[in-house]
There are 2 protein chains.
Amino acid sequence: MRNNQFAIRPTDFDTQIKELKEIRFLNKDNEAENSPSKLLKSFLKLGYPEIKSDQALAHRLHSLQATEDSDAYDYLENNEQVSVLAFYNIALQLLQFNPDVDFTFSDPLEAMKKIQLKVSDHKTDKFDHDEIISAWYWLLATHTKNGQSFIDRLATQGYFVPFYKDTTKQLLFNGKTLPIFDPHKLIREVVYVESPQDTDHDGKLDLLKAEIIRPAQTQKGLKVPVLYTATPYLQGTNDETGLEMTHNVNVSLRHKEPNDTKYEDIEYHTPDEKLPDKRIVNGSATEAEEGFIKDLCYSLNDYFLARGFAVVYASGVGTSDSDGMRTTGGPEETTSTIAIIEWLAGNRIAFTNRVDNIEIKAWWSNKSVGMTGRSYLGTLATAAATTGVEGLKTIVTEAAISSWYDYYRDGGLVIAAGGFPGEDADVLAEETFSRRLNPGDFHRIKEAWDEKLIELNHDQDRDTGDYNTYWDARNYHKNFKNIKADVLMVHGLNDWNVKPRNVERLWNGIKNNNIVQKAILHQGQHIYINNFRSIDYTDMINLWMTHELLDVDNQAEKILPDVIIQDNIKPETWDTYDNWSDPENPRKVFNLAPDKLADKPSDTTVSFKDSLSDDQYWAYSKDNDAWQADLLKDDSPLNDNRLVFKTDKLSDNMTLDGIPKLDLTVSSNQDLGMLSFQLVDYGKAKRLNVSPSVLTPNGIDETFDWRKDDLREFELGKETASKMITKGHINLQNRHNPYKNDELTPDKFYDLSVSLQPNFYHLLKDHQLGLIIYATDFGMTVRGNQDLKYSFELENAKLSIPLHKQN
Amino acid sequence: MRNNQFAIRPTDFDTQIKELKEIRFLNKDNEAENSPSKLLKSFLKLGYPEIKSDQALAHRLHSLQATEDSDAYDYLENNEQVSVLAFYNIALQLLQFNPDVDFTFSDPLEAMKKIQLKVSDHKTDKFDHDEIISAWYWLLATHTKNGQSFIDRLATQGYFVPFYKDTTKQLLFNGKTLPIFDPHKLIREVVYVESPQDTDHDGKLDLLKAEIIRPAQTQKGLKVPVLYTATPYLQGTNDETGLEMTHNVNVSLRHKEPNDTKYEDIEYHTPDEKLPDKRIVNGSATEAEEGFIKDLCYSLNDYFLARGFAVVYASGVGTSDSDGMRTTGGPEETTSTIAIIEWLAGNRIAFTNRVDNIEIKAWWSNKSVGMTGRSYLGTLATAAATTGVEGLKTIVTEAAISSWYDYYRDGGLVIAAGGFPGEDADVLAEETFSRRLNPGDFHRIKEAWDEKLIELNHDQDRDTGDYNTYWDARNYHKNFKNIKADVLMVHGLNDWNVKPRNVERLWNGIKNNNIVQKAILHQGQHIYINNFRSIDYTDMINLWMTHELLDVDNQAEKILPDVIIQDNIKPETWDTYDNWSDPENPRKVFNLAPDKLADKPSDTTVSFKDSLSDDQYWAYSKDNDAWQADLLKDDSPLNDNRLVFKTDKLSDNMTLDGIPKLDLTVSSNQDLGMLSFQLVDYGKAKRLNVSPSVLTPNGIDETFDWRKDDLREFELGKETASKMITKGHINLQNRHNPYKNDELTPDKFYDLSVSLQPNFYHLLKDHQLGLIIYATDFGMTVRGNQDLKYSFELENAKLSIPLHKQN
């Protein structure tokens, strides 16, 4: 049991007093109180918002233990002073820690230290008057056992409900906004933003539905910051028709005709299209004509809705109630995404309905927009930022794609997102084309959509897997230089859906933009982390958004570490770093020798075949997890279908930090070929489970009587023999780059360099680092079961591991 | 995709009109409207509560398709009449069905039939004026694709929000209450009920905390019915200390000294104890001094909170903020449970706090109480009903225990609840003794509690597993005759935690009570079913509670089938019956022959041993699922540890309905022994998954802006070779009954009859019925790995299967 809090703002005593007065813990009833114990009792009384009488409070205090022998009521009655020990015994109970499990009444400070909870300064073993005030201040900022700060816990108990009627603007505590806005008084409205494009070519600029949730206080003049989540999924998805379009991956890898394609040949250029005229504004309104009910229930946004932020959702071109076509991440979608921001910043027109041309302004917006969202949603935040659009102050990107080629392709190969073999850009376009869910609308656009799907299928080019104009149009790296918004990126180091390369390229791609950039890397797959017990993620985002969108100098950019990485070995451990995947990191180079990652080169040639028996092939096709398990096993049905190279047992711990690289000399027995690679940690150990456990269903309330989230945490699982660290793929005909096709003469050896996916990984002493080279990746590549044999001259074969540079 | 609605009340046209007026679909704007299409348009307009303008409505109607060629807007503009086809095309879209998946615009009625949706009467292929009103009425009562009636779906969209300000009492539609109560105006309060016992022997009658949630309208005089859930878990549980107390099950089965114990020897009698005096009332109040925040968030109760019901939670003796000790289901707990009902009915005193003796009455209660809850919660409802307490009108028991011996014991054996080996009554007492979670309170009671645990450990008697005074005190069957409340029982036919015997004995035990009894048996394990898509469970409970607690003659007792059983073969299929497990059901008797369930007896003797290799033993001890899988396998590591008897392939379908019984002649090679039995369906088939799938997380709203539940459904899984139907256990020294210990001479044969757990199961033609006889049940019995051998003379060995009696 260990808490990690990064969002606590250092605060001087005068500011503590000021803030405690603002949140009414210091008030006219207790401001003249000199006795530390009576002061503490007055705080405790306020700490039970549901209690209305002294007798009921007495019962609560009798229920708390203060020392080994005395309950809190008796202790406070019988003592003028409050010992540090008694204070933290009481505090630990208020923080929901359990004396049977987490601490002892004889030494609460030992537990405070172990759990990593802040102990307030004290000159003696008793808190004096000022010290008890300070101790209460820090207690309010401290996390409970259940993933919330104590003040947020009090909020969920109703502490701020009496504030609602007086709320006129945001209120801060310790640099973060407080839930003083009644979440059941939120205003929900729909507008239609006119975007500067006509993607369905119906002769009218595309109207885009935007859904707004804003505090009631905006009606009285409060201008609020906006959390904007662009989510193609929110209006519904076409799961069945998408599934039908899923591509067959049990097909052969094909030879590609060698060519001399240069980047200029495939570079994407914005087409010079004549646009329809803008609609002629025919009046204006300040009230919308439509509300809406269903929203994302995204707990991070929900949390801010009680804290004086507006939340805006828009699904973009081709979704239900909007115009246009979907193209999966293309420039049209970027334009569509930022149209909403332009409206929020006062630079674009929206209408109250789709017909009357009555303009409605975002008159309630403070013109500071932050984008949030995971996966495709975070991707669109990244896309938006690359335009440098005015008003976008920050993006928080969770598990975001930074180039769609890095999502659906790699090294001249079709490479599926983990868990979704056969999905591709066209399938995702169909799945998110929610205009289909309005059958009346769909009836009118059906033919054009069918044509668009044919076009997408052609342009994405599954035949070659090459980088082409379609993918160049979806490569946000090209415009990283335009990013002006601060970026906080969150990514799972085990995310094989949106692979870590996506975040690494963003991290290293904006270093010269003169913006603030932060990264949080966790040990999860493709998940949110705003409901974890061991890290104060939500508090961090609060500190961050308060800084970015409310223009408050709360030091967020200095307080938040530049890089936070969850340890892959110890549970509940989040370490801080200055940087991640620094290209200048030192490297350790291993030579490949038969079965070994060795110090010295070997002049041997080794080889493996790719084909399997029909039975094995079909079994693995149906059960990719079984294939992956067998691939890592020492003695395995896949022995002949792979090469395994292992170090000796490591004599010291080793920390991989960045992009592993491989140099090989390889031949194929045919004029086509692909290779896959996995870097593996071999060594028996209990490792973190693949998915976080639910500690308490609905255990986190976003505030009083409002939405909830499950409380989660990664726990250690049963002992396992090995774990994949990272992987990579390449087509042997894309040895130079992913758009040019190289020749490949059967049985001729070629030099090949390949970069694996970046990572950060603690390898323990006595474990072995392993490299597996294989071809067909049942979870990601096509599965041709072809009669292919790959051979390797090991003399110059090297694995280069980037090492974390100790400061 | 199939809906099953049992809670639709037949309603004549005049009543339809009246109700449509009450819910404002018929109103002054449309009551004079003669055109069916204009009338439908007026209904549709009201069907979009979030829409405020005609243009916005036009957009909605353009988004719906009415016929293959026309959208709904154009259709209603251009037609005076509304065809049945156009109506149901529109209706299916409103019900969230998808034309790509669920229906075609050319023949919506085919889909209506397949999905089992009600089609309203029509004389021609067009709806006339009255018919369209009626069609809309029935549409409102019809379930959407997502587990809610359309009117409840509209409620979640905010339809009833404008009603809130005028709400003075419950409003009904089609016999069920509507969500016209603002769930964010609920009043939450705590009172302390004085119970007529002193279970912690502190010289004061135990005070019991009760938590009340009631509609704001009670403040203005509305008397409301109460859903009361007695839940020992709500105030928190001691998981860690409970886990520490878990008993070791890797211990030997022991010989029991033969005795001649008669029931009179162990019968429980209420002790004649002198009670402390009642507190002297020292004033009265109508307002509580304490609110509370955390509640069960039990979606069935939450649903009723918006519908004009109060909900009361109480955890009972020995829980946080209450007095007393926990004893796991004893008479003290029954007394504690009904004390709350007595207060709600005006027959017991409660106080505003624990000290001042200020009385507070349940002045807002209409004195009609219904109990709800699953597992231990449902058990306490059953316990309460057996007292015949005034005010308790009905209990809805989900997965409830009807005798604690049937939960923790069977046939003279310690038999764990599935999944919890080593748990026992003392462990559960410790887990629910939440006074421990108030360390100040616990400090004062700790010694007495430690003594109580020693007493419980002794009284439950794990050494013999015999039925004794402790268990007799926890056998609710003894008082079934006192049950006056109507009973609706819900149980999983695959619930091996609270085994089906518990519900079957309740079902057959109250047949002469002259009350209404209903049963719903589903294919789940130990789960709720109030969030399933294929059955309108929540509607049924609404109809039922409205009838029972609001004293409305809505025909619930006639409309709801007596017995509903989810089919074990076909998904989304719920069949209705008059009875279940009728003792008069015909029986088919099979003779046991080597490997066979045969027509003719066999004179063979067969045997098996119980012991395993150490490796196997420890592997199965750690992985009970692996043991169960091996037990059912044809060729299995357990071949020598079991006897398997199978019928030939069945020539016809067969429906087991009731209690299977076995007659055996058996010997043990030692003076101790136990047998376990499983009845198995052998035959390759896709079967329903063990757990329901989540179709849509948070897919069910209990009303607008209120709590949510996941939408779930059982789906067919991968093909499996077999499935356990039911099981049973017996100690060879309890051949006569579970309290008398019979002699057992090694190697001597004894006649033995045993009843397995009841069930209801469709066995398909070409499948085989199998019986497995074994001894150690790794999931349930002690695991002694003893050198035991069991032999069977088959001559009189018979398996008797109760068959469903066709009407």
Side-chain angles (χ1 to χ4, degrees), chain A residues 48-53 55-56 58-66 68-69 71-74 89 93 98-101 105 156-158 184 188 190 238 240-241 287-294 297 320-321 352-356 436-444 698 701 704-705 707-708, chain B residues 48-53 55-56 58-66 68-69 71-74 89 93 98-101 105 156-158 184 188 190 238 240-241 287-294 297 320-321 352-356 436-444 698 701 704-705 707-708:
Chain A
Y48 292 99
E50 72 278 21
I51 294 291
K52 292 165 206 159
S53 77
Q55 284 297 2
H59 172 61
R60 290 295 134 204
L61 299 186
H62 279 307
S63 298
L64 296 173
Q65 196 75 350
E68 286 184 286
D69 305 315
D71 71 34
Y73 185 88
D74 293 343
N89 275 331
Q93 291 166 81
N98 183 333
D100 289 316
V101 182
F105 290 115
T156 67
Q157 305 291 107
H184 302 296
R188 304 166 71 90
V190 171
N238 304 307
E240 291 88 353
T241 54
E287 272 190 45
E289 295 180 5
E290 265 181 71
F292 69 101
I293 306 304
K294 190 186 150 201
C297 293
S320 172
D321 301 324
T352 55
N353 67 48
R354 301 175 47 87
V355 179
D356 291 334
R436 182 188 281 276
L437 297 172
N438 291 335
D441 179 38
F442 179 63
H443 185 71
R444 294 183 285 272
N698 288 319
D701 299 71
F704 174 75
D705 188 22
R707 294 176 179 168
K708 297 166 189 289
Chain B
Y48 292 98
E50 73 279 20
I51 293 291
K52 294 165 205 159
S53 78
Q55 284 297 2
H59 171 62
R60 291 294 133 205
L61 299 185
H62 280 306
S63 298
L64 297 172
Q65 197 75 350
E68 286 185 286
D69 305 314
D71 70 35
Y73 185 89
D74 293 345
N89 275 330
Q93 292 166 81
N98 184 333
D100 289 315
V101 182
F105 290 114
T156 69
Q157 304 291 107
H184 302 296
R188 303 165 71 91
V190 171
N238 304 306
E240 291 88 352
T241 53
E287 272 190 45
E289 295 181 6
E290 265 182 69
F292 70 101
I293 305 307
K294 189 185 152 202
C297 293
S320 173
D321 301 325
T352 56
N353 65 48
R354 301 175 48 89
V355 178
D356 291 333
R436 182 188 282 278
L437 296 172
N438 291 335
D441 180 38
F442 179 62
H443 186 69
R444 294 182 286 270
N698 287 321
D701 299 72
F704 174 75
D705 187 23
R707 295 177 179 167
K708 296 166 190 289

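Quick note on labels: first sequence line is chain A, next is B, and so on, each numbered from 1. The basis for the numbers below is simple: all heavy atoms, side chains too, and nothing from hydrogens, waters or symmetry mates. Just so we're clear, the structure is a prediction, and the values are computed from it rather than from any experiment.
Between chain B and the residues R60(A), Q65(A), E68(A), H62(A), the largest count of heavy-atom pairs under 4.5 Å involves Q65(A). Most heavy-atom pairs under 4.5 Å with chain B: of the set N353(A), T241(A), I293(A), this distinction falls to I293(A). Per-residue heavy-atom pair counts under 4.5 Å with chain A were compared for R354(B), H443(B), R444(B), and the maximum is reached by H443(B). Contacts with chain B were tallied for I51(A), T352(A), L61(A), N89(A); I51(A) has the most, counting heavy-atom pairs under 4.5 Å. Counting heavy-atom pairs closer than 4.5 Å to chain B, the top-ranked of the candidates G291(A), P439(A), P49(A), S53(A) is P439(A). Heavy-atom pairs under 4.5 Å with chain A peak, among V190(B), D100(B), D441(B), N698(B), at D100(B).
Interface remark: T156(A) contributes backbone atoms only to the contact with chain B (heavy atom separation under 4.5 Å). For H59(A), the part lying under 4.5 angstrom from a heavy atom of chain B is the side chain only. Contact of D701(B) with chain A is not made at all, since no heavy-atom distance falls under 4.5 Å. Residue D74(A) does not touch chain B at all, counting heavy-atom pairs closer than 4.5 Å. No part of Y73(A) comes within reach of chain B, as not one of its non-hydrogen atoms sits under 4.5 angstrom from that chain. Interface residue L64(A): only backbone heavy atoms are found under 4.5 Å from chain B. Looking at D71(B), only its side chain comes within 4.5 Å of chain A, counting heavy atoms on both sides. For chain B, the nearby part of A288(A) is the backbone; its heavy atoms alone come within less than 4.5 Å. With a threshold of 4.5 angstrom between heavy atoms, Q157(B) approaches chain A through its backbone and through its side chain. E240(A) touches chain B through its side chain: at least one heavy atom from C-beta onward sits under 4.5 Å away, while N, CA, C and O do not. Neither the backbone nor the side chain of Y48(A) comes within less than 4.5 Å of any heavy atom in chain B.
Using a 4.5 Å heavy-atom cutoff, the side chains of P99(A) and F442(B) are not in contact. In this structure the side chain of E287(A) never reaches within 4.5 angstrom of the side chain of K52(B), judged on heavy atoms.
At a threshold of 4.0 Å, the pair E50(A)-K294(B) does not count as salt-bridged, since none of the basic side-chain nitrogens sits closer than that to a carboxylate oxygen. Under 4.0 Å is where a charged nitrogen must lie from a carboxylate oxygen, and between D705(A) and R707(B) no such pair does.
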Under the side-chain contact (heavy atoms from CB on, under 4.5 Å) criterion, do Q93(A) and L437(B) qualify, and how do the steps go?
CA-CA 9 Å; Q93(A) 291 166 81; L437(B) 296 172; over 6 Å; no
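In terms of heavy-atom proximity, K708(A) sits nearest to C297(B) at CE-SG, 3.9 Å.
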